[in-house]
Amino acid sequence: MGKIPPILYAEDNENDVELTLTAFRECKLQNRIDVVYDGQQVIDYLTYHGKFNDRPEEKPVVILLDIKMPKMDGIQALKIIKSDENLKTIPVVMLTSSSMEKDLIESYNLGVNAYVVKPVDFTEFLEAVKKIGFFWALINKTV
Amino acid sequence: MHIFEDEKNRIMTPKNTDEAVCPAFHWDSEQLISILETMTDAFVSLDKNWCYTYMNQRAGEIFGRDPKTMIGKHIWTEFPEEIGQPFHLNFEKAMKEQIFIQMEEYYPPYDKWFENRIHPSKEGLAIFFQDITRRKKTELALKESEEKFRALAEERALFKTMINHIPSSVFAKDQQFRKTAANSAHLKQMANALGLNEPLTESEVIGKTDFDIYPGKTAELYYQEDESVIKNGETIMNREQYSINAAGESSWELISKIPLKNEQGKIIGMVGIAHDISELVYQKHILNERLKELRCLYRVTEILQEINVHPGKIIPKLIPHIVQAYQHPEFTAVRILVEGIYFQSDNFMETPWIQSSVIFVSDKEVGKIEVLYLKEMPENDEGPFYKEERALLDSLARMIGQFIDRSTKAQPAYLLTSLLELSNDAIVIISLDGTVVTWNKGAEQLYGTPAREIIGKNITVFYPSDLKNELQFFDSKLKQGESISHHETKRRRLDGSQMDVSINLTPLKNGEGIFDSFLAISHDITERKNNERVIENERSRLRTLIQTIPDLVWLKDPEGVYLTCNPQFERLLGVQETEIIGKTDFHFASKENATVFRKEDLEVIKTGKPNINLGKLTFVSDGHTGFFETIKTPMYDSKGEVIGVLGIARNITEIQQSREALAEREKQLSILNQTLENRVEERTAELEAANKDLEAFAYSVSHDLRSPLRHIDGFSRLLRKTITEPSSEAIRFFDKISESSSKMSSMIDALLNFSRLGRKPVSKIPVNLDTMVKQIVDQYQPLKETRNIDFKIGKLPIIQGDPNLLQTVFENLISNAVKFTSNTNPAVVEIGCRNEKDDKHVIFIKDNGAGFDMAYADKLFNVFQRLHTTDEFEGTGIGLANVKQIIQKHGASIYAEGKVNHGATFYIAI
């Protein structure tokens, strides 16, 4: 594939989006980052529906999901992705503030590929985002 | 035959010997001398004047002289000690008689024997001689030993002859227990033991062990005994031994066995000597038997002297003495039959080994005396018995006969005994003091006690303890000559079983006309009495049952006439039973009702099936009413004939009421249950909702409170980057922002943890605090490198609790102690346990650190409550709140004591 596949990032909080994108920029990742704001948009994006009707056909290399989002939360979106034959091979990383055991267990039960709690300390946050980017966009092999 | 003139020629030539120089050969003197000097014999020649004319080198050596110096010397001057001795005499003889002499003689000065061959001639003597000392000594020694041997052989032969003539068995064995010697008596004795007619020969015995000769068991026996002699050197002297040979003949031997030792004292075998003392032993035995018989006769005579006593009391006394008189008392039984009564020893049983003698009284046979062996004994004069024992038995029979004859005349009551024996009733004669005089077969059966055991004893042994003075009652009447008829009483057998008896008592007069005894005839009436008692019991039980039963009970005959009823029924009709019996229902009830009752009764009689009906009854006695269930049942006699109708009426008023009440209760209960269930459901739902709310709250806190913090930190960092040259003041502010957001983040975590803890159930198991606390303290070991801190840990108990939660408690308290002593030197943290009287443990964690003001002690355990600034001691301020929550969940309590700068102590009472 000549084209570098994008990273799909779902997050309703603008501040978080900005900080995360800043972090990705800092690590100089080549992938384009497509940001959506709720779970429904994630599904629409992946299935070329709604406003993603005429999106060029490409699968993201990894999906980063916040849990707490309006309309459809991250867990629900994960459930749909992992139960869809076409989508379930896309790696999904939960990127969330929640350290609740309940979310963690549920996510893993649904087949999440990684679960990352966003550190409050920004330096640590940068470090975490960098690692996610490197691993899932560069090192990990997908189908 | 010539003599040479010069020295060389002065050699005498002997006449007839081989070794002599033969004149036929003309030896020249050189040759001759060469021969004389080389031969092994010594040689000298003497002239007529006994002077040496020649001596060869060998002779010189023997004499220890130089031959040359000896020539011309006079022999007897040189060897004067020999004068008159054998050599001198023989030399003289040879010279004088001119004969050749050969001699062997001992020469004391040299301590040697010499063989001399003396050849005479007119000129002198030529003497050849040889030292034969060695040969001679050998010969002598040989001779000496031959003589010794001969002497020994003679001695041995003599000894053997002697031993063979000894009538006792003599034998010897070597160390391997093999026979090395056996005399004739022993050979004969061995043959006898083996059941052979001819004595054994020495060759059959010598070199053999007892195992080669005797049967295994016998050999084993001998071996054991021999072993103690041969191996241990013990001496056995005059041991008496009984044995039975192969032919079954018994014998007694007196045996001695002595170890045989060599000159060094080592045991090389043994010698045995045995005398047959069978005859001696037998004589002793016979003597003893006669003594026993005599003793018996003496005792029996003594016992039978007694008169005026019933024979029944005397005869049993004889039995033990008769038993003792016999050869094998331990296997002897005796039975004496007199006038139909048997007296016998306890061990009596019928056997085939019996000796018996008839007892006569004035030529009339009245009984017999029998002696039996309980097992087979060796054959004797009369079966297993001695002829002397026969004589004894016959004389005993005679003595008993005479005794009975005497007694019969002296004791009139005794005449009855034969009569009594014929009866099947228990007939006994008892003296007025209760002593049993006679005891017939019937009595033996009834009382289960044989006559020999009871005669002479007191009859009251059969009286039950509460009837012991019955005898006195009898006495008072019998003494007056009154009889007692059909006296019903109880008796107790010796085995403890009771019986009912009916007794007839008749007084008896003695010879002087005084009533001194009585005749008692008893029958067993136990069965009759028992039957009576059973029937009476049954009747009374039934009566009580009917009387006390709360139901109404009545019985009517097939005609409807009342036969009986109970008090409850009396109350229904309001009259006494006596007035009810003999009447019908028409007498008590209305005509319609009485007809209905009669119809029911007839129905029951006809069908044979019970009739049940329910109805209200009014009691005439007090007018009360009740709801009754009446059952009518036909009653039959033993032949199956209907004898009446039994009626039972049960008051079921209460049951009826209860039933109704119960139904009502159940209904109410079911409504109540339903309400309760609903309420429980509601509450559960409420609780669930509350829990859900709490969960949602916690979730929200976790998720939403963090994000702004992260943003604050993130954007402040980004902001700082935009400032190209921030002042030190600006950098400090940025750091403060970061620090605060991080602080708040950890507070959120702590708070979440606290709320989670609150919802977590406690699962209690035994927890060893000792190991738990030691593990926690161990984690602080590295601290000792930088701080002067000491942990003192006392013995801690095992308690019931949630190990994970308790771990949190102690981790918190210990880390607090470590934290608040960071400015103390030396720091001491003490952990221990006190046992309170109400079985509670009080565990304390004590430090000597910063401490606290007791005024704030109650705030210590509140969430986010801090008594120190964060600058002094860092922390979220939630640790102790967690601790308290956990301790409370365990149903325990925690409290603290402290003083500023004097440390703090936390107490957990659990």
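Letters go in sequence order (proteins before strands), and every chain restarts at 1. Please read these numbers as outputs of a predicted model, since none were measured by experiment.
At a threshold of 4.0 Å, the pair B:D778-B:K774 does not count as salt-bridged, since none of the basic side-chain nitrogens sits closer than that to a carboxylate oxygen. Salt-bridge formation is detected for the pair B:R683/B:E686: a Lys NZ or Arg NE/NH1/NH2 atom is positioned less than 4.0 Å from an Asp or Glu carboxylate oxygen. A salt bridge links A:E58 and A:R32; the closest N-O separation between the charged side-chain nitrogens and carboxylate oxygens is under 4.0 Å.
Contact annotation for B:S741: both backbone and side-chain heavy atoms come within less than 4.5 Å of a heavy atom of chain A. Using a 4.5 Å cut-off between heavy atoms, A:T123 contacts chain B through both its backbone and its side chain. Residue contact with chain B, scored on non-hydrogen atoms closer than 4.5 Å, involves the side chain of A:N13 exclusively.
A perpendicular orientation is assigned to the rings of B:F906 and B:F861, their planes being inclined by more than 60° (bins at 30° and 60°).
Between B:R787 and B:V818, the closest side-chain pair of non-hydrogen atoms falls below 4.5 Å.
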- request: Let me see the working for A:M69 and A:E11 under side-chain contact (heavy atoms from CB on, under 4.5 Å), right down to the final yes or no.
  value: CA-CA 7 Å; A:M69 288 186 295; A:E11 172 65 71; 5.7 Å; no

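Applying the side chain to side chain contact (heavy atoms under 4.5 Å, CB included) criterion to B:F733, with sequence neighbours excluded, gives B:E729.
Annotation: residues 124-133 of chain A contacts chain B through A:F125 [non-hydrogen atoms, separation under 4.5 Å].
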